[in-house]
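I have a structure I would like to understand better, so I am pasting it below and will then ask my questions one at a time.
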Amino acid sequence: MAMRTQRMPVSALAVLTAFTLAACGTESGSGAGSGDSGDGSGTVRTEPAVTGVHWNVSSLTAGGTKTAAPEGTHIEIDSEGKATGSLGCNRFTADVRLDGDKVTVGRSTSTGMACKKEVQQFETAMGKAFQGELTAAVAGKGQARTLTLTTARGDSIALTAEPPAPLTGTAWKVTGLVSGSAASSVPAGTEDKAHLTFGEDGSVEGNLGCNSFHGKATVSGSTITFGPLASTRKMCPGPEMKLERALLGVLKGKTSYEIDHRSLSIEATSGEGLDASAPAAKG
(Lines give C-alpha, C1' and ligand atoms only; values in the text may rest on other atoms or scores of the structure.)
Protein backbone atom coordinates (compact mmCIF):
# COMPACT_ATOMS: atom_id res chain seq x y z
CA MET A 1 0.00 0.00 0.00
CA ALA A 2 1.42 3.36 -0.98
CA MET A 3 2.55 5.54 1.90
CA ARG A 4 0.79 8.92 1.97
CA THR A 5 2.02 12.03 3.67
CA GLN A 6 1.55 15.77 3.74
CA ARG A 7 3.69 17.45 1.10
CA MET A 8 4.30 20.58 3.16
CA PRO A 9 7.18 20.32 5.66
CA VAL A 10 6.40 19.71 9.31
CA SER A 11 8.66 21.77 11.52
CA ALA A 12 11.05 20.58 14.10
CA LEU A 13 10.77 16.83 14.22
CA ALA A 14 13.77 16.44 15.61
CA VAL A 15 16.80 14.99 16.74
CA LEU A 16 18.20 15.32 13.32
CA THR A 17 21.04 17.73 13.52
CA ALA A 18 22.53 18.44 10.24
CA PHE A 19 25.39 19.18 8.58
CA THR A 20 28.25 20.68 7.24
CA LEU A 21 30.07 23.11 6.04
CA ALA A 22 32.49 25.52 5.08
CA ALA A 23 32.94 28.62 3.07
CA CYS A 24 34.73 28.45 -0.27
CA GLY A 25 38.46 27.88 -0.05
CA THR A 26 39.69 31.39 0.53
CA GLU A 27 42.85 32.59 2.16
CA SER A 28 42.75 34.63 5.33
CA GLY A 29 45.58 36.76 6.62
CA SER A 30 46.43 39.64 8.90
CA GLY A 31 46.91 42.06 6.02
CA ALA A 32 46.97 42.35 2.27
CA GLY A 33 49.68 40.11 0.88
CA SER A 34 50.85 39.08 4.34
CA GLY A 35 50.06 35.39 3.83
CA ASP A 36 49.73 35.13 7.61
CA SER A 37 46.85 33.21 9.17
CA GLY A 38 46.87 35.49 12.18
CA ASP A 39 47.81 32.66 14.55
CA GLY A 40 51.52 33.55 14.51
CA SER A 41 52.48 30.55 12.40
CA GLY A 42 53.14 32.57 9.24
CA THR A 43 51.16 30.02 7.21
CA VAL A 44 48.14 30.54 4.98
CA ARG A 45 44.90 29.21 6.43
CA THR A 46 42.41 27.79 3.93
CA GLU A 47 38.95 26.33 4.37
CA PRO A 48 37.63 23.30 2.49
CA ALA A 49 35.51 24.32 -0.53
CA VAL A 50 32.24 22.68 0.39
CA THR A 51 29.63 25.38 -0.20
CA GLY A 52 27.54 25.50 -3.36
CA VAL A 53 28.00 21.77 -3.96
CA HIS A 54 25.41 18.99 -3.96
CA TRP A 55 27.00 16.33 -1.76
CA ASN A 56 25.60 12.80 -1.88
CA VAL A 57 25.99 10.95 1.40
CA SER A 58 27.47 7.58 0.46
CA SER A 59 27.99 6.05 3.89
CA LEU A 60 28.11 6.57 7.64
CA THR A 61 30.66 4.88 9.87
CA ALA A 62 29.59 4.87 13.53
CA GLY A 63 31.02 2.75 16.31
CA GLY A 64 33.22 0.99 13.78
CA THR A 65 30.26 -0.10 11.62
CA LYS A 66 29.90 1.27 8.08
CA THR A 67 26.36 1.65 6.71
CA ALA A 68 25.46 2.63 3.15
CA ALA A 69 23.20 5.69 2.91
CA PRO A 70 19.66 5.39 1.48
CA GLU A 71 19.32 6.53 -2.13
CA GLY A 72 18.80 10.28 -2.39
CA THR A 73 20.54 11.16 0.87
CA HIS A 74 22.35 14.45 0.30
CA ILE A 75 23.54 17.75 1.78
CA GLU A 76 23.83 21.22 0.28
CA ILE A 77 25.46 24.13 2.11
CA ASP A 78 25.17 27.76 1.07
CA SER A 79 27.65 30.54 1.76
CA GLU A 80 25.41 31.96 4.51
CA GLY A 81 25.91 28.96 6.80
CA LYS A 82 22.65 27.18 6.05
CA ALA A 83 22.58 23.43 5.38
CA THR A 84 19.65 21.71 3.65
CA GLY A 85 19.10 18.29 2.17
CA SER A 86 17.53 14.87 2.54
CA LEU A 87 18.38 12.06 4.90
CA GLY A 88 16.93 9.51 2.50
CA CYS A 89 13.34 9.98 3.61
CA ASN A 90 12.90 13.31 5.42
CA ARG A 91 14.24 16.69 4.37
CA PHE A 92 16.07 18.89 6.87
CA THR A 93 17.37 22.42 7.44
CA ALA A 94 20.11 23.38 9.91
CA ASP A 95 22.37 26.28 10.82
CA VAL A 96 26.12 25.74 10.83
CA ARG A 97 29.00 27.82 12.19
CA LEU A 98 32.26 27.67 10.27
CA ASP A 99 35.81 28.17 11.50
CA GLY A 100 38.51 26.91 9.16
CA ASP A 101 37.94 23.19 8.73
CA LYS A 102 35.84 23.05 11.90
CA VAL A 103 32.08 22.95 11.51
CA THR A 104 29.79 23.43 14.47
CA VAL A 105 26.34 22.05 13.74
CA GLY A 106 23.31 23.70 15.30
CA ARG A 107 19.86 22.29 15.94
CA SER A 108 17.85 21.31 12.87
CA THR A 109 14.26 20.96 11.73
CA SER A 110 12.94 18.24 9.45
CA THR A 111 9.79 17.00 7.79
CA GLY A 112 7.79 14.37 9.63
CA MET A 113 7.22 11.67 7.04
CA ALA A 114 7.11 8.08 8.26
CA CYS A 115 10.01 6.07 6.83
CA LYS A 116 10.84 2.44 6.28
CA LYS A 117 12.45 0.88 9.33
CA GLU A 118 15.97 0.65 7.91
CA VAL A 119 15.84 4.24 6.64
CA GLN A 120 14.62 5.48 10.01
CA GLN A 121 17.51 3.67 11.68
CA PHE A 122 19.96 5.41 9.35
CA GLU A 123 18.39 8.82 10.02
CA THR A 124 18.64 8.28 13.76
CA ALA A 125 22.32 7.34 13.45
CA MET A 126 22.94 10.42 11.29
CA GLY A 127 21.27 12.59 13.94
CA LYS A 128 23.72 11.30 16.52
CA ALA A 129 26.72 11.77 14.22
CA PHE A 130 25.87 15.33 13.16
CA GLN A 131 26.22 17.05 16.49
CA GLY A 132 28.62 19.61 17.84
CA GLU A 133 31.97 20.14 16.20
CA LEU A 134 32.87 18.26 13.01
CA THR A 135 36.07 18.29 10.98
CA ALA A 136 35.67 18.65 7.20
CA ALA A 137 38.20 17.30 4.70
CA VAL A 138 37.81 17.63 0.91
CA ALA A 139 39.82 15.56 -1.59
CA GLY A 140 39.92 15.53 -5.39
CA LYS A 141 38.79 18.12 -7.93
CA GLY A 142 35.61 19.10 -9.75
CA GLN A 143 32.86 16.48 -9.76
CA ALA A 144 35.38 13.90 -8.53
CA ARG A 145 35.54 15.63 -5.15
CA THR A 146 34.85 13.75 -1.94
CA LEU A 147 34.08 15.15 1.48
CA THR A 148 34.61 13.47 4.84
CA LEU A 149 33.02 14.78 8.03
CA THR A 150 34.53 13.40 11.23
CA THR A 151 33.15 13.69 14.74
CA ALA A 152 35.23 14.17 17.89
CA ARG A 153 34.69 10.50 18.79
CA GLY A 154 35.93 9.29 15.40
CA ASP A 155 32.68 8.52 13.59
CA SER A 156 32.67 9.70 9.97
CA ILE A 157 30.33 10.54 7.10
CA ALA A 158 31.53 9.99 3.52
CA LEU A 159 30.12 12.21 0.76
CA THR A 160 30.71 12.71 -2.97
CA ALA A 161 30.00 15.68 -5.25
CA GLU A 162 27.29 15.12 -7.86
CA PRO A 163 26.35 17.30 -10.88
CA PRO A 164 22.73 18.32 -11.60
CA ALA A 165 20.65 16.42 -14.17
CA PRO A 166 19.36 18.12 -17.36
CA LEU A 167 15.69 17.78 -18.30
CA THR A 168 16.43 16.33 -21.73
CA GLY A 169 18.33 13.11 -22.21
CA THR A 170 17.76 11.96 -18.61
CA ALA A 171 15.83 8.76 -17.85
CA TRP A 172 13.54 10.11 -15.12
CA LYS A 173 12.15 7.33 -12.87
CA VAL A 174 8.72 8.09 -11.42
CA THR A 175 8.94 7.80 -7.64
CA GLY A 176 5.75 9.42 -6.37
CA LEU A 177 2.33 10.87 -7.14
CA VAL A 178 0.93 14.22 -6.02
CA SER A 179 -2.62 15.38 -5.47
CA GLY A 180 -2.87 18.97 -4.32
CA SER A 181 -0.78 19.37 -1.17
CA ALA A 182 -0.56 15.62 -0.51
CA ALA A 183 2.06 13.26 -1.91
CA SER A 184 2.27 9.48 -1.94
CA SER A 185 4.70 6.87 -3.13
CA VAL A 186 3.83 4.88 -6.25
CA PRO A 187 1.65 1.78 -5.69
CA ALA A 188 3.47 -1.13 -4.08
CA GLY A 189 5.17 -3.34 -6.64
CA THR A 190 5.50 -0.58 -9.26
CA GLU A 191 8.55 1.20 -7.82
CA ASP A 192 10.76 0.68 -10.90
CA LYS A 193 8.10 0.49 -13.60
CA ALA A 194 7.38 4.03 -14.80
CA HIS A 195 9.92 6.34 -16.42
CA LEU A 196 10.11 9.09 -19.03
CA THR A 197 12.83 10.67 -21.18
CA PHE A 198 12.57 14.03 -22.97
CA GLY A 199 14.39 14.48 -26.27
CA GLU A 200 16.09 17.59 -27.62
CA ASP A 201 13.68 17.38 -30.59
CA GLY A 202 10.59 17.94 -28.44
CA SER A 203 9.72 14.29 -28.03
CA VAL A 204 8.95 12.28 -24.90
CA GLU A 205 8.94 8.52 -24.46
CA GLY A 206 8.98 5.97 -21.67
CA ASN A 207 6.71 3.65 -19.73
CA LEU A 208 3.54 4.47 -17.79
CA GLY A 209 3.88 1.57 -15.39
CA CYS A 210 2.35 -0.97 -17.74
CA ASN A 211 2.46 0.27 -21.32
CA SER A 212 5.28 2.01 -23.17
CA PHE A 213 4.46 5.37 -24.77
CA HIS A 214 5.77 8.17 -26.97
CA GLY A 215 4.57 11.61 -27.95
CA LYS A 216 5.40 15.31 -28.17
CA ALA A 217 6.42 17.55 -25.28
CA THR A 218 7.09 21.24 -25.90
CA VAL A 219 9.25 22.88 -23.25
CA SER A 220 8.98 26.64 -22.68
CA GLY A 221 10.34 28.29 -19.56
CA SER A 222 8.93 26.40 -16.58
CA THR A 223 6.17 24.68 -18.56
CA ILE A 224 5.89 21.48 -20.57
CA THR A 225 2.97 21.07 -22.98
CA PHE A 226 2.22 17.46 -23.78
CA GLY A 227 0.56 16.43 -27.02
CA PRO A 228 -1.56 13.27 -27.30
CA LEU A 229 0.46 10.21 -26.22
CA ALA A 230 0.50 6.99 -28.23
CA SER A 231 0.97 3.81 -26.20
CA THR A 232 0.80 0.05 -26.35
CA ARG A 233 -2.43 -1.51 -25.11
CA LYS A 234 -1.58 -4.52 -22.98
CA MET A 235 -3.35 -5.22 -19.69
CA CYS A 236 -1.37 -5.43 -16.45
CA PRO A 237 -2.04 -6.17 -12.75
CA GLY A 238 -4.13 -3.66 -10.79
CA PRO A 239 -1.34 -1.58 -9.17
CA GLU A 240 0.38 -1.04 -12.53
CA MET A 241 -2.84 0.05 -14.20
CA LYS A 242 -3.60 2.37 -11.27
CA LEU A 243 -0.20 4.04 -11.72
CA GLU A 244 -0.73 4.28 -15.48
CA ARG A 245 -4.11 5.98 -15.12
CA ALA A 246 -2.64 8.48 -12.66
CA LEU A 247 0.24 9.35 -14.99
CA LEU A 248 -2.03 9.75 -18.00
CA GLY A 249 -3.93 12.32 -15.93
CA VAL A 250 -0.72 14.30 -15.44
CA LEU A 251 0.99 14.02 -18.83
CA LYS A 252 -1.55 15.91 -20.92
CA GLY A 253 -1.81 19.51 -22.05
CA LYS A 254 0.05 22.32 -20.33
CA THR A 255 1.91 21.46 -17.12
CA SER A 256 4.45 23.18 -14.89
CA TYR A 257 7.73 21.55 -13.98
CA GLU A 258 10.66 22.09 -11.63
CA ILE A 259 14.06 20.43 -11.34
CA ASP A 260 15.83 20.35 -8.00
CA HIS A 261 19.28 19.01 -8.81
CA ARG A 262 18.36 15.42 -9.79
CA SER A 263 14.68 15.47 -8.83
CA LEU A 264 11.89 16.40 -11.24
CA SER A 265 8.33 17.40 -10.38
CA ILE A 266 5.55 17.89 -12.95
CA GLU A 267 2.14 19.32 -12.05
CA ALA A 268 -0.97 19.52 -14.22
CA THR A 269 -3.45 22.38 -13.99
CA SER A 270 -5.75 20.01 -12.07
CA GLY A 271 -3.25 19.87 -9.21
CA GLU A 272 -2.32 16.25 -9.97
CA GLY A 273 1.37 15.65 -10.41
CA LEU A 274 4.33 13.31 -10.26
CA ASP A 275 7.77 13.21 -8.71
CA ALA A 276 10.70 11.58 -10.50
CA SER A 277 14.41 11.14 -9.95
CA ALA A 278 17.46 10.85 -12.19
CA PRO A 279 19.81 7.89 -11.91
CA ALA A 280 23.02 8.45 -9.97
CA ALA A 281 25.67 10.29 -11.96
CA LYS A 282 28.50 8.11 -13.21
CA GLY A 283 31.82 8.87 -11.64
Side-chain angles (χ1 to χ4, degrees), residues 1-14 16 18 54 56-57 69-76 84-94 108-120 122-123 126 164-165 167 170-198 204 206-210 217 222-224 226 238-280:
M1 184 175 183
M3 179 167 56
R4 195 172 184 84
T5 179
Q6 288 300 311
R7 191 170 174 80
M8 293 300 291
V10 179
S11 64
L13 178 78
L16 297 170
H54 181 102
N56 273 350
V57 179
E71 182 180 359
T73 308
H74 69 276
I75 308 165
E76 294 184 44
T84 58
S86 170
L87 298 176
C89 177
N90 284 289
R91 296 189 64 83
F92 76 92
T93 301
S108 70
T109 61
S110 79
T111 56
M113 185 166 65
C115 311
K116 293 181 179 179
K117 182 178 179 180
E118 59 272 23
V119 176
Q120 186 60 62
F122 186 89
E123 290 194 353
M126 285 285 282
L167 175 66
T170 298
W172 296 101
K173 181 178 74 173
V174 178
T175 57
L177 299 173
V178 178
S179 181
S181 62
S184 64
S185 55
V186 295
T190 68
E191 288 81 358
D192 298 313
K193 299 287 186 179
H195 57 86
L196 60 161
T197 302
F198 297 92
V204 61
N207 190 287
L208 296 165
C210 174
S222 61
T223 66
I224 303 173
F226 291 90
E240 295 177 12
M241 295 305 297
K242 180 180 179 181
L243 174 59
E244 182 160 310
R245 287 192 294 270
L247 295 181
L248 285 173
V250 176
L251 304 178
K252 64 179 182 181
K254 190 174 182 179
T255 67
S256 59
Y257 83 96
E258 181 178 2
I259 294 178
D260 180 5
H261 191 66
R262 302 186 74 82
S263 297
L264 168 68
S265 61
I266 299 176
E267 185 175 346
T269 55
S270 64
E272 304 299 301
L274 65 84
D275 291 327
S277 63

Between Ser86 (side chain only) and Gly88 (backbone N and O only), is there a donor and an acceptor less than 3.5 Å apart? yes

I would like to know whether Met126 and Val57 meet side chain to side chain contact (heavy atoms under 4.5 Å, CB included); could you show each step before the answer? CA-CA 10 Å; Met126 285 285 282; Val57 179; 4.2 Å; yes

Do Pro164 and Arg262 touch side chain to side chain, with heavy atoms closer than 4.5 Å? no

Heavy-atom nearest pair, Ala268 first then Gly249, reads CB-O, 4.2 Å

Does the side chain of Glu258 come within less than 4.5 Å of Ile266's, by heavy atoms? no

Enter the distance from Leu247:CG to Leu196:CG here, rounded to the nearest 0.5 Å. 8.5 Å

Would you indicate whether the side-chain heavy atoms of Ile224 and Phe198 approach each other to under 4.5 Å? yes

Closest heavy-atom pair and its distance - Ala194, Leu243: CB-CD2, 3.9 Å

Of the non-hydrogen atoms in Ala171 and Pro279, which two are nearest, and what is the gap between them? O-CD, 3.3 Å

If you apply the rule side chain to side chain contact (heavy atoms under 4.5 Å, CB included), what do you find for Ser277 with Leu264, and how did you get there? CA-CA 6 Å; Ser277 63; Leu264 168 68; over 6 Å; no

Counting only heavy atoms not in Glu191 (residues, nucleotides, ligands), do more than 12 fall under 6.0 Å from its CD? yes

What's the spacing between Leu167 CG and Ile259 CD1 if we round to 0.5 Å? 4.5 Å

4.5 Å side-chain heavy-atom contact, Leu208 and Leu251: yes

Heavy atoms, side chains only, cut-off 4.5 Å: are Thr223 and Thr255 in contact? no

Might you point out which heavy atoms bring Glu123 and Asn90 nearest each other, and give the distance in Å? OE2-N, 3.0 Å

Leu87 and Phe122, any side-chain heavy atoms less than 4.5 Å apart: no

Side chains of Ser256 and Glu267, donor plus acceptor under 3.5 Å: no

With rounding to the nearest 0.5 angstrom, report the CD to CG distance, Glu71 to Asn56. 9.5 Å

Could you check whether any side-chain heavy atom of Thr197 comes within less than 4.5 Å of a side-chain heavy atom of Val204, counting everything from C-beta outward? no

Please round to the nearest 0.5 Å and tell me the distance separating atom SG of Cys89 and atom CD of Gln120. 7.0 Å

Would you indicate whether the side-chain heavy atoms of Glu272 and Val178 approach each other to under 4.5 Å? no

Just verifying a value: how many Å separate Phe226 CZ and Leu248 CG, rounded to the nearest 0.5 Å? 11.0 Å

Indicate the ring-plane relationship of His54 and His261, choosing parallel, tilted or perpendicular according to the 30° and 60° boundaries. parallel

In terms of heavy-atom contacts, Pro70 and Thr73 come closest through O-OG1, 2.6 Å

Just by distance, do the side chain of Thr111 and the backbone of Arg91 share a donor-acceptor pair under 3.5 Å? yes

Ignoring hydrogens and angles, state whether a donor on the side chain of Asp275 or Ser265 is under 3.5 Å from an acceptor on the partner side chain. no

How long is the span from the CD1 atom in Ile75 to the OG1 atom in Thr84, to the nearest 0.5 Å? 9.5 Å

Got a donor-acceptor contact below 3.5 angstrom from the Glu240 side chain to the Gly238 backbone? no

